[in-house]
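Protein chains get the first letters and strands the later ones, always in sequence-line order, with residue 1 at the start of each.
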Amino acid sequence: EVQLVESGGDLVQPGGSVRLSCAGSGFIFSDHHMDWVRQAPGKGLEWIGRIRHKGRGYTTEYAASVRGRFTVSRDDSQNSVYLQMNSLKTEDTAVYYCSSSAEGNCFDKWGQGTLVAVSS
Amino acid sequence: DIQMTQSPSSLSASVGDRVTITCRASQGIGNSLAWFQQTPGKAPKPLIYAASSLQSGVPSKFIGSGSGTDFTLTISSLQPEDFATYYCQQYKTYPFTFGPGTKVEIK
(Lines give C-alpha, C1' and ligand atoms only; values in the text may rest on other atoms or scores of the structure.)
Protein backbone atom coordinates (compact mmCIF):
# COMPACT_ATOMS: atom_id res chain seq x y z
CA GLU A 1 0.00 0.00 0.00
CA VAL A 2 1.28 3.43 -0.95
CA GLN A 3 1.54 5.56 2.16
CA LEU A 4 2.98 8.76 3.60
CA VAL A 5 2.84 9.10 7.37
CA GLU A 6 3.72 12.32 9.16
CA SER A 7 4.73 12.58 12.80
CA GLY A 8 6.21 15.07 15.23
CA GLY A 9 3.41 17.59 15.57
CA ASP A 10 3.24 19.26 18.97
CA LEU A 11 2.27 22.29 21.04
CA VAL A 12 5.22 24.68 20.94
CA GLN A 13 5.85 28.10 22.44
CA PRO A 14 6.53 31.07 20.18
CA GLY A 15 10.21 31.17 19.31
CA GLY A 16 10.51 27.44 19.77
CA SER A 17 11.42 24.64 17.39
CA VAL A 18 9.95 21.37 16.22
CA ARG A 19 10.97 18.74 13.69
CA LEU A 20 8.40 16.94 11.60
CA SER A 21 9.02 13.61 9.91
CA CYS A 22 7.26 11.95 7.00
CA ALA A 23 7.85 8.31 6.17
CA GLY A 24 6.99 6.88 2.78
CA SER A 25 6.25 3.30 1.81
CA GLY A 26 4.88 1.34 -1.11
CA PHE A 27 6.62 3.40 -3.78
CA ILE A 28 10.15 4.32 -4.88
CA PHE A 29 10.66 7.18 -2.45
CA SER A 30 14.06 8.15 -3.83
CA ASP A 31 12.59 8.90 -7.27
CA HIS A 32 10.15 11.49 -5.92
CA HIS A 33 10.39 15.15 -5.10
CA MET A 34 8.97 15.78 -1.62
CA ASP A 35 6.95 18.79 -0.51
CA TRP A 36 5.45 20.20 2.65
CA VAL A 37 2.08 21.95 2.54
CA ARG A 38 0.26 23.45 5.51
CA GLN A 39 -3.28 24.43 6.33
CA ALA A 40 -4.08 26.85 9.13
CA PRO A 41 -7.34 26.19 11.01
CA GLY A 42 -10.29 27.00 8.77
CA LYS A 43 -8.03 28.26 5.97
CA GLY A 44 -6.78 27.10 2.59
CA LEU A 45 -3.65 25.27 1.53
CA GLU A 46 -0.20 26.87 1.55
CA TRP A 47 2.86 25.29 -0.07
CA ILE A 48 5.91 25.86 2.09
CA GLY A 49 8.83 23.89 0.70
CA ARG A 50 10.26 21.22 -1.58
CA ILE A 51 13.31 19.03 -1.73
CA ARG A 52 14.05 17.50 -5.08
CA HIS A 53 15.28 13.92 -5.56
CA LYS A 54 18.91 12.91 -5.97
CA GLY A 55 18.78 13.24 -9.73
CA ARG A 56 18.02 16.94 -9.25
CA GLY A 57 20.74 17.40 -6.67
CA TYR A 58 18.54 17.35 -3.54
CA THR A 59 18.01 21.05 -4.10
CA THR A 60 15.38 22.92 -2.09
CA GLU A 61 12.83 25.68 -2.56
CA TYR A 62 10.88 27.59 0.08
CA ALA A 63 7.98 29.95 0.43
CA ALA A 64 8.97 33.43 1.54
CA SER A 65 6.92 33.06 4.73
CA VAL A 66 9.23 30.32 6.04
CA ARG A 67 12.55 30.90 4.26
CA GLY A 68 15.38 31.17 6.77
CA ARG A 69 13.31 29.58 9.55
CA PHE A 70 12.30 26.20 8.08
CA THR A 71 14.56 23.58 6.50
CA VAL A 72 13.49 20.59 4.41
CA SER A 73 15.79 17.57 4.32
CA ARG A 74 15.52 13.92 3.37
CA ASP A 75 17.10 10.55 4.04
CA ASP A 76 16.39 8.18 1.18
CA SER A 77 17.88 5.26 3.13
CA GLN A 78 15.02 5.77 5.61
CA ASN A 79 12.43 6.74 2.95
CA SER A 80 11.85 9.86 4.98
CA VAL A 81 11.61 13.60 4.59
CA TYR A 82 11.89 16.10 7.42
CA LEU A 83 10.80 19.64 8.17
CA GLN A 84 12.88 21.47 10.77
CA MET A 85 10.88 24.44 12.01
CA ASN A 86 12.70 27.13 14.02
CA SER A 87 11.72 30.54 15.37
CA LEU A 88 8.09 29.51 15.35
CA LYS A 89 5.35 32.12 15.31
CA THR A 90 1.70 31.85 16.26
CA GLU A 91 0.82 32.14 12.56
CA ASP A 92 2.69 28.89 11.90
CA THR A 93 -0.12 27.03 13.67
CA ALA A 94 -1.45 24.58 11.10
CA VAL A 95 -1.82 21.00 9.99
CA TYR A 96 1.33 20.11 8.07
CA TYR A 97 1.10 17.65 5.19
CA CYS A 98 3.89 16.00 3.26
CA SER A 99 3.33 15.16 -0.38
CA SER A 100 5.30 13.43 -3.10
CA SER A 101 5.62 14.18 -6.78
CA ALA A 102 6.96 11.84 -9.41
CA GLU A 103 8.64 13.38 -12.46
CA GLY A 104 5.89 14.49 -14.78
CA ASN A 105 3.27 14.46 -12.02
CA CYS A 106 2.45 16.72 -9.18
CA PHE A 107 1.53 16.12 -5.55
CA ASP A 108 0.15 12.68 -6.35
CA LYS A 109 0.49 11.27 -2.83
CA TRP A 110 -0.34 12.90 0.52
CA GLY A 111 0.05 12.03 4.16
CA GLN A 112 -2.71 12.39 6.73
CA GLY A 113 -1.17 15.51 8.28
CA THR A 114 0.23 16.43 11.69
CA LEU A 115 -0.81 19.42 13.81
CA VAL A 116 1.65 22.02 15.01
CA ALA A 117 0.18 24.52 17.46
CA VAL A 118 2.26 27.55 18.42
CA SER A 119 0.99 29.19 21.57
CA SER A 120 2.20 30.45 24.93
CA ASP B 1 4.27 35.24 -7.13
CA ILE B 2 1.51 33.83 -9.30
CA GLN B 3 -1.91 34.50 -7.79
CA MET B 4 -4.62 31.90 -8.26
CA THR B 5 -8.29 32.81 -8.08
CA GLN B 6 -11.32 30.50 -8.13
CA SER B 7 -14.95 31.10 -8.85
CA PRO B 8 -17.40 30.67 -7.39
CA SER B 9 -16.17 30.56 -3.81
CA SER B 10 -19.08 28.27 -3.01
CA LEU B 11 -22.01 26.68 -4.77
CA SER B 12 -25.06 24.63 -3.90
CA ALA B 13 -26.00 21.74 -6.11
CA SER B 14 -28.12 18.61 -6.07
CA VAL B 15 -27.15 14.98 -6.49
CA GLY B 16 -26.95 14.30 -10.20
CA ASP B 17 -26.11 17.88 -11.18
CA ARG B 18 -23.16 18.86 -13.37
CA VAL B 19 -21.00 21.62 -11.90
CA THR B 20 -18.10 23.66 -13.22
CA ILE B 21 -15.45 25.46 -11.19
CA THR B 22 -13.17 28.06 -12.72
CA CYS B 23 -9.55 28.75 -11.79
CA ARG B 24 -7.54 31.68 -13.12
CA ALA B 25 -3.80 32.35 -12.86
CA SER B 26 -2.39 35.87 -12.70
CA GLN B 27 0.09 34.95 -15.45
CA GLY B 28 0.45 32.14 -17.93
CA ILE B 29 1.34 28.76 -16.47
CA GLY B 30 1.01 26.56 -19.56
CA ASN B 31 -0.69 23.38 -18.36
CA SER B 32 1.08 23.21 -14.98
CA LEU B 33 -2.14 23.05 -13.00
CA ALA B 34 -3.51 20.51 -10.54
CA TRP B 35 -6.88 20.05 -8.85
CA PHE B 36 -7.48 18.63 -5.38
CA GLN B 37 -10.57 17.61 -3.42
CA GLN B 38 -10.72 17.99 0.35
CA THR B 39 -13.37 16.97 2.86
CA PRO B 40 -13.33 18.21 6.47
CA GLY B 41 -10.58 16.71 8.59
CA LYS B 42 -9.00 14.88 5.67
CA ALA B 43 -5.92 15.39 3.55
CA PRO B 44 -6.34 16.79 0.06
CA LYS B 45 -7.00 14.15 -2.53
CA PRO B 46 -5.30 14.67 -5.90
CA LEU B 47 -7.72 14.60 -8.82
CA ILE B 48 -6.02 16.06 -11.87
CA TYR B 49 -2.53 17.12 -12.94
CA ALA B 50 -1.22 18.78 -16.11
CA ALA B 51 -4.58 20.56 -16.33
CA SER B 52 -6.46 17.59 -17.77
CA SER B 53 -4.78 14.30 -16.77
CA LEU B 54 -6.62 12.17 -14.23
CA GLN B 55 -4.68 10.89 -11.27
CA SER B 56 -4.71 7.13 -10.89
CA GLY B 57 -7.99 5.82 -9.57
CA VAL B 58 -9.94 9.04 -10.06
CA PRO B 59 -13.25 8.50 -11.88
CA SER B 60 -13.73 9.98 -15.32
CA LYS B 61 -16.60 12.19 -14.12
CA PHE B 62 -13.89 14.66 -13.12
CA ILE B 63 -12.84 16.61 -16.20
CA GLY B 64 -10.11 19.22 -16.26
CA SER B 65 -9.45 21.61 -19.08
CA GLY B 66 -7.66 24.82 -19.97
CA SER B 67 -4.20 26.21 -20.49
CA GLY B 68 -2.37 29.46 -20.04
CA THR B 69 -4.36 31.42 -17.47
CA ASP B 70 -7.88 29.95 -17.53
CA PHE B 71 -8.83 26.50 -16.32
CA THR B 72 -11.98 24.61 -15.39
CA LEU B 73 -12.89 21.54 -13.37
CA THR B 74 -16.19 19.94 -14.31
CA ILE B 75 -17.85 17.28 -12.20
CA SER B 76 -20.58 15.44 -14.04
CA SER B 77 -23.42 13.85 -12.09
CA LEU B 78 -22.57 14.89 -8.53
CA GLN B 79 -22.71 12.14 -5.94
CA PRO B 80 -22.88 12.53 -2.14
CA GLU B 81 -19.15 11.83 -1.81
CA ASP B 82 -18.35 14.73 -4.16
CA PHE B 83 -19.56 17.41 -1.75
CA ALA B 84 -16.25 18.89 -0.67
CA THR B 85 -13.91 21.82 -1.17
CA TYR B 86 -11.91 21.91 -4.41
CA TYR B 87 -8.56 23.65 -4.81
CA CYS B 88 -6.53 24.42 -7.89
CA GLN B 89 -2.75 24.78 -7.72
CA GLN B 90 -0.10 26.03 -10.11
CA TYR B 91 3.28 24.30 -10.17
CA LYS B 92 4.85 26.22 -13.02
CA THR B 93 6.81 28.66 -10.88
CA TYR B 94 8.03 28.78 -7.30
CA PRO B 95 6.44 29.45 -4.93
CA PHE B 96 3.75 27.00 -5.89
CA THR B 97 0.41 28.59 -5.11
CA PHE B 98 -3.10 27.33 -4.43
CA GLY B 99 -6.42 28.92 -5.19
CA PRO B 100 -8.63 29.86 -2.22
CA GLY B 101 -10.95 26.92 -2.77
CA THR B 102 -14.51 26.33 -3.95
CA LYS B 103 -16.91 24.69 -1.53
CA VAL B 104 -19.50 22.47 -3.17
CA GLU B 105 -22.48 22.04 -0.86
CA ILE B 106 -25.69 20.05 -1.04
CA LYS B 107 -28.75 22.03 -2.08
Q: Sort Phe96(B) into side chain, backbone, both or neither according to what part of it lies under 4.5 angstrom from a heavy atom of chain A.
A: both
(Q) Looking only at heavy atoms and a cut-off of under 4.5 Å, which of Pro40(B), Ala34(B), Pro46(B), Gly99(B) has the most pairs with chain A? (A) Pro46(B)
Q: Give a yes or no on whether the ring-centroid distance for Trp36(A) and Phe70(A) is below 6.0 angstrom.
A: no
**Q.** Donor on one side chain, acceptor on other, Ser65(B) and Ser52(B), under 3.5 Å
**A.** no
Q: Heavy-atom pairs under 4.5 Å with chain B are the metric here; pick the option from Gln112(A), Lys43(A), Gln39(A) that has the most.
A: Gln39(A)
Q: Go through the atoms of Ala50(B) and report whether side chain, backbone, both or neither lie under 4.5 Å from a heavy atom of chain A.
A: neither
Q. Any side-chain heavy atom of Arg69(A) within less than 4.5 Å of one from Asp92(A)?
A. yes
Q.
Please confirm whether the ring centroid of Trp47(A) lies under 6.0 Å from the ring centroid of Tyr91(B).
A. no
Q) Quick one: what part of Val37(A) sits under 4.5 Å from any heavy atom of chain B, side chain, backbone, both or neither? A) side chain
Q) What residue, out of Pro44(B), Ser53(B), Pro100(B), has the most heavy-atom pairs lying under 4.5 Å from chain A? A) Pro44(B)
(Q) Under 4.5 Å between side-chain heavy atoms, counting indirect links through other Ile/Leu/Val/Met/Phe/Trp/Tyr residues: same cluster for Phe98(B) and Tyr86(B) or not? (A) no
Q: Go through the atoms of Tyr97(A) and report whether side chain, backbone, both or neither lie under 4.5 Å from a heavy atom of chain B.
A: side chain
Q) Which residue out of Ile48(A), Val95(A), Asp108(A), Leu45(A) racks up the most heavy-atom pairs below 4.5 Å with chain B? A) Leu45(A)
Please table the atom pairs, donor to acceptor, closer than 3.5 Å between any side-chain atom in residues 55-65 of chain A and protein atoms at least two apart or in another chain.
residue: Arg56(A); atom: NE; partner: Glu103(A); partner atom: OE2; Å: 3.1
residue: Tyr58(A); atom: OH; partner: Asp76(A); partner atom: OD2; Å: 3.1
residue: Thr59(A); atom: OG1; partner: Arg52(A); partner atom: NH1; Å: 2.8
residue: Thr59(A); atom: OG1; partner: Arg56(A); partner atom: O; Å: 3.1
residue: Glu61(A); atom: OE2; partner: Arg52(A); partner atom: NH1; Å: 3.3
residue: Glu61(A); atom: OE2; partner: Arg52(A); partner atom: NH2; Å: 2.7
residue: Tyr62(A); atom: OH; partner: Val72(A); partner atom: N; Å: 2.8
residue: Ser65(A); atom: OG; partner: Glu46(A); partner atom: OE2; Å: 3.0

Q. Measuring heavy-atom distances to chain A, does Lys42(B) have an atom under 4.5 Å in its side chain, in its backbone, in both, or in neither?
A. backbone
Q.
Please determine whether a side-chain nitrogen of the Lys or Arg among Asp17(B) and Lys107(B) lies less than 4.0 Å from a carboxylate oxygen of the Asp or Glu.
A. no
